[in-house]
Amino acid sequence: MKLGFLCPNIPGHLNPMTALARHLQARNHEVVFLYSPSANGLPCIPAPEKDHFNEITPEMSKLKGGDASSLAMRALMTEMGAILKTLPAMIRANGIDALLIDPGRFYGELGAMQLGMPYIHVSNALHLDYTGYTPLSLYDWPHQTTPEALARNREGVAKFVKLLQSGNAGIRAYAESARLRIDWEDPGSTLSPLASITQVPRAFDFESSHWPSQFRHTGPFHDGKGREKVDFPWERLTGEPLIYASMGTILNGRVDVFRTIVAALAKHKDLQLVLSIADQLDPEQIGPVPNDVIIVKRAPQLELLKQTAVCISHAGLNTVLESLAQGVPQVAIPV
């Protein structure tokens, strides 16, 4: 079977999705990533359209909370509206039999629905529970089962639906032209009837008896293969307990966060800090740092975690799971 993958072109989504694809390759399936300029060495077909999401990353990197979510959603929805215009033709031209869709490609399943082909959803980031029985993962609410908590959860879902609707004009136009009847008030209405899987281990999720029957917790998809080779000054490691800090590849433009991390670690002379700051800042912007602090744009995260005493991160799902897999304690700074 030839499997097409729809996935945002972001390391936190591509790394686990390509790991899953390699396992499917090992089971004699063909795989191809659609609308991806690169896919960690796997077959891919670049997008004829511009990459709306990565285009706004410099602006978004400095935001947090609702402002970051709103800007990200508008970009993702605009990009998906453009993709849907060519998706059915791309599927046919490449002989694809089924789609595996990251929910970050909101409404990518409409292309499969138009063609009457099978599709499944694969949540590489935190999955979204639209039922209201547990808090939507965009919010920092505790899980409670009181009537007040359930009402709050459903209000949160309704707020998210409005956010989707504010940017989905192109997607709605596509659905109308394809004569698809979509319940736009329920983002879960187009969930794959075959399978919806999440990297989150069952033990780490909220308790809920309301997951649909096709929903499955799998655990992490990390195999460490195919990732971009990163030069790192291993010779500068001193052998002292290592603190590795990264705010991910998207919301990493707040220099105050990195300065706070450096200031905290500077108080401890018997520790060494590796700070991965990505592309939106220059190391000079962090300011004066102790001589043994290593600041890099990108770090070989999996290899470093094997030597790390504590990981400081934005609590992105993949960094959390990779740290847990190595038994590394964590300090989380959610954005």
Side-chain angles (χ1 to χ4, degrees), residues 10-12 15 54 56-69 71-72 125-126 137-140 204 220 222 224 227-335:
I10 306 166
N15 286 340
N54 283 311
I56 55 99
T57 296
E59 178 184 358
M60 186 168 57
S61 71
K62 297 175 175 60
L63 303 177
K64 63 179 180 178
D67 292 336
S69 298
L71 182 60
L126 284 172
S137 60
L138 294 174
Y139 307 115
D140 62 354
F204 297 151
H222 308 137
R227 301 189 183 190
E228 178 185 1
K229 298 296 182 184
V230 177
D231 289 329
F232 183 79
W234 295 103
E235 70 283 356
R236 289 187 58 192
L237 294 182
T238 62
E240 296 169 304
L242 188 65
I243 311 301
Y244 169 63
S246 168
M247 295 301 289
T249 55
I250 301 176
L251 300 175
N252 50 27
R254 293 181 55 208
V255 69
D256 59 310
V257 173
F258 292 116
R259 287 174 178 168
T260 300
I261 294 171
V262 170
L265 271 296
K267 299 175 183 177
H268 301 273
K269 305 302 182 184
D270 55 343
L271 303 175
Q272 184 175 23
L273 172 65
V274 171
L275 195 62
S276 179
I277 63 172
D279 296 322
Q280 306 310 322
L281 298 172
D282 290 318
E284 291 76 16
Q285 292 177 265
I286 309 298
V289 299
N291 291 332
D292 61 350
V293 171
I294 301 174
I295 302 179
V296 293
K297 291 278 190 175
R298 290 181 179 80
Q301 182 163 293
L302 287 175
E303 291 82 357
L304 274 173
L305 285 173
K306 294 175 182 178
Q307 303 184 40
T308 294
V310 174
C311 176
I312 303 172
S313 80
H314 64 309
L317 180 60
N318 288 283
T319 299
V320 167
L321 292 177
E322 289 172 7
S323 297
L324 287 167
Q326 298 298 328
V328 177
Q330 298 170 71
V331 174
I333 309 174
V335 185

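Scored by the ring pair (Phe, Tyr, Trp, His ring centres under 6.0 Å) test, Tyr139 finds Trp141 as partners (sequence neighbours excluded). Applying the side chain to side chain donor-acceptor pair (under 3.5 Å) criterion to Arg298, with sequence neighbours excluded, gives Asp279. Partners of Glu322 by side chain to side chain donor-acceptor pair (under 3.5 Å), not counting sequence neighbours, listed by chain and number: Arg227, Gln301. Under the side-chain contact (heavy atoms from CB on, under 4.5 Å) criterion, Ser323 pairs with Leu305, Cys311, Thr319, Val328, Gln330, not counting sequence neighbours. With sequence neighbours excluded, the residues satisfying side-chain contact (heavy atoms from CB on, under 4.5 Å) with Ala332 are Ala315, Pro334. For Leu126, the side-chain contact (heavy atoms from CB on, under 4.5 Å) partners are Ser137, Val200, Leu317, not counting sequence neighbours. The side-chain contact (heavy atoms from CB on, under 4.5 Å) test applied to Pro11 returns Asn15, Thr249, not counting sequence neighbours. Evaluation of the salt bridge (charged side-chain N to carboxylate O under 4.0 Å, His left out) rule for Asp256 yields Arg254 as partners, not counting sequence neighbours.
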Anything under 3.5 Å between a donor and an acceptor, one on a side chain of residues 285-295, the other on a protein residue two or more places apart or in another chain? List them.
{"unit_1": "Gln285", "atom_1": "OE1", "unit_2": "Asp282", "atom_2": "N", "d": "2.8"}

TODO: For the pair Val320 and Phe204, evaluate side chain to side chain contact (heavy atoms under 4.5 Å, CB included) and give the outcome as yes or no after the intermediate values.
DONE: CA-CA 11 Å; Val320 167; Phe204 297 151; over 6 Å; no

- [ ] Could you give me the CA-CA distance, side-chain angles and deciding distance for Ile312 and Leu265, then say whether side chain to side chain contact (heavy atoms under 4.5 Å, CB included) is met?
- [x] CA-CA 11 Å; Ile312 303 172; Leu265 271 296; 4.1 Å; yes

- [ ] Quick one: do Gln326 and Thr308 satisfy side chain to side chain contact (heavy atoms under 4.5 Å, CB included)? Show the steps, please.
- [x] CA-CA 9 Å; Gln326 298 298 328; Thr308 294; over 6 Å; no

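In terms of heavy atoms, Leu304 sits closest to Ala299 at CD1-CB, 3.6 Å. Looking at every heavy atom in both residues, Leu321 comes nearest to Pro220 through CD1-CB, 4.0 Å.
Sorted pairs that involve residues 325-335 and meet salt bridge (charged side-chain N to carboxylate O under 4.0 Å, His left out), not counting sequence neighbours, are lacking altogether. Sorted by first and then second residue, the side-chain hydrogen bond (donor to acceptor under 3.5 Å, both in side chains) pairs involving residues 260-278 (not counting sequence neighbours) are Thr238-Gln272.
Annotation: side chain of Trp234 is in contact with side chain of Glu303 (closest heavy-atom distance under 4.5 Å).
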